[in-house]
*Asks:* 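This is the structure I want to talk about, given as structure tokens.
The model shown is predicted, which means the values in this text are computed figures rather than measured ones.
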Number of protein chains: 2
Amino acid sequence: MDNIYRALADPTRRTILDELCKREGQTLFELCSRLVMAHGISSSRQSISQHLAVLEDAGLVITERRGRSKLHWFDGAPLRAIVMRWPVPTDRKEKS
Amino acid sequence: MDNIYRALADPTRRTILDELCKREGQTLFELCSRLVMAHGISSSRQSISQHLAVLEDAGLVITERRGRSKLHWFDGAPLRAIVMRWPVPTDRKEKS
DNA sequence: TTGACATGCAAGCTACGACTTGCCTATTAT
DNA sequence: ATAATAGGCAAGTCGTAGCTTGCATGTCAA
């Protein structure tokens with residue numbers, strides 16, 4: 001799964017992940033309106049849909065069809081590949 | 001610093017970070033030859049140099065001029081922004 | 001000082017990614 | 001059945017990232 005990095009490369013996709021962390025199980029329309037409200041993102045529905053497809057392909061978003069809607073959840077599991085690949089220093093507060 | 005994500009988006013740059021983790025303080029030429037040897041990367045010197053500039057701009061690589069050479073070190077500190085932004089599940093081994 | 005070595009700068013080319021537009025499919029309500 | 005709702009598919013445009021090429025800068029050795 002190497003497309004995590006590509007998925008994280010786009011700022012809109014990162015904001016989508018933020019939004020899905022705040023509220024679980026959002027539909028595409030919920031996400032679109034919330035991205036406009038909270039953040040200044042005013043992309044088309046199709047654009048957000050394509051972003052979600054990239055995120056889902058990377059495993060960062062899990063979906064479930066519910067009738068004519070599609071619900072989206074955030075999943076941080078693929079992010080472990082990053083912290084396992086390179087050393088991430090712990091941020092202990094250091095005195096000067 | 002939002003360009004961490006862009007810096008990680010390229011596979012060659014990720015391999016450069018891997019290589020710098022294995023051996024510290026490499027020069028540009030060292031990196032070029034090692035990228036060809038260990039991994040199958042055969043980009044030009046200028047290409048690698050540009051990649052290093054992106055990584056340095058993202059704070060993932062720290063440099064130091066030493067005479068006519070430039071030494072490079074890996075720095076994982078910017079990666080904390082990722083693990084602090086989204087929840088990364090700990091991978092405890094689970095019994096089935 | 002002169003030449004070899006290690007790197008930097010800048011312009012140009014090409015390919016891919018993000019976005020839009022238009023139409024299509026599936027589900028629910030009346 | 002029909003219309004409205006929620007989303008999917010596909011082609012096309014545009015900008016930018018990655019790569020190369022050519023030349024310039026700076027450093028060390030003889």
*Asks:* Between Arg13(B) and dA17(D), does any side-chain N or O lie under 4.0 Å from OP1 or OP2?
*Replies:* no
*Asks:* Quick check for you: among dT20(C), dG8(D), dG18(D), whose closest atom lies nearest to any side-chain atom of Asp10(B)?
*Replies:* dG18(D)
*Asks:* Among the clusters formed by ILVMFWY side chains lying less than 4.5 Å apart, do Trp86(B) and Ile82(A) turn up in the same one?
*Replies:*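 Yes, Trp86(B) connects to Ile82(A) through the hydrophobic network.
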*Asks:* Among the candidates dT7(C), dT20(D), dC19(C), find the nucleotide nearest to the side-chain atoms of Ser47(B).
*Replies:*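 Looking only at side-chain atoms, Ser47(B) lies closest to dT20(D).
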*Asks:* Between Glu24(B) and Cys21(B) (side chain of the first, backbone of the second, donor and acceptor by atom type, cut-off under 3.5 Å), is there such a pair?
*Replies:* no
*Asks:* Check this for me: does the side-chain of Arg45(A) come within 3.5 Å of the base of dG7(D) through a donor and an acceptor?
*Replies:*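 Answer yes: a donor N or O sits under 3.5 Å from an acceptor.
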*Asks:* Is there a side-chain contact between Ser44(B) and the phosphate of dC19(D), meaning an N or O under 4.0 Å from OP1 or OP2?
*Replies:*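 For dC19(D), neither OP1 nor OP2 has a side-chain N or O of Ser44(B) closer than 4.0 Å.
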*Asks:* Look at Lys70(B) and dG8(C) and indicate whether a side-chain polar atom (N or O) is within less than 4.0 Å of OP1 or OP2.
*Replies:* yes
*Asks:* Look at His51(B) and dC19(D) and indicate whether a side-chain polar atom (N or O) is within less than 4.0 Å of OP1 or OP2.
*Replies:* yes
*Asks:* Would you kindly confirm whether Tyr5(A) and Val88(B) end up in one hydrophobic cluster when ILVMFWY residues are joined by side chain heavy atoms under 4.5 Å apart?
*Replies:*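 Same cluster: Tyr5(A) reaches Val88(B) through Ile, Leu, Val, Met, Phe, Trp or Tyr contacts under 4.5 Å.
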*Asks:* Between dT20(C), dG7(D), dA18(C), which nucleotide has the shortest distance from any of its atoms to the side chain of Ser69(A)?
*Replies:* dG7(D)
*Asks:* Going only through I, L, V, M, F, W and Y residues with side-chain contacts under 4.5 Å, is there a path from Ile41(A) to Leu60(A)?
*Replies:* yes
*Asks:* Look at the side chain of Gln46(B) and decide which nucleotide, out of dG7(D), dG8(C), dA6(C), has an atom nearest to it.
*Replies:* dG8(C)
*Asks:* Looking only at side-chain atoms of Thr12(A), point me to the closest of dA4(D), dC19(C), dT20(D).
*Replies:*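 Comparing dA4(D), dC19(C), dT20(D) against the side chain of Thr12(A), the answer is dC19(C).
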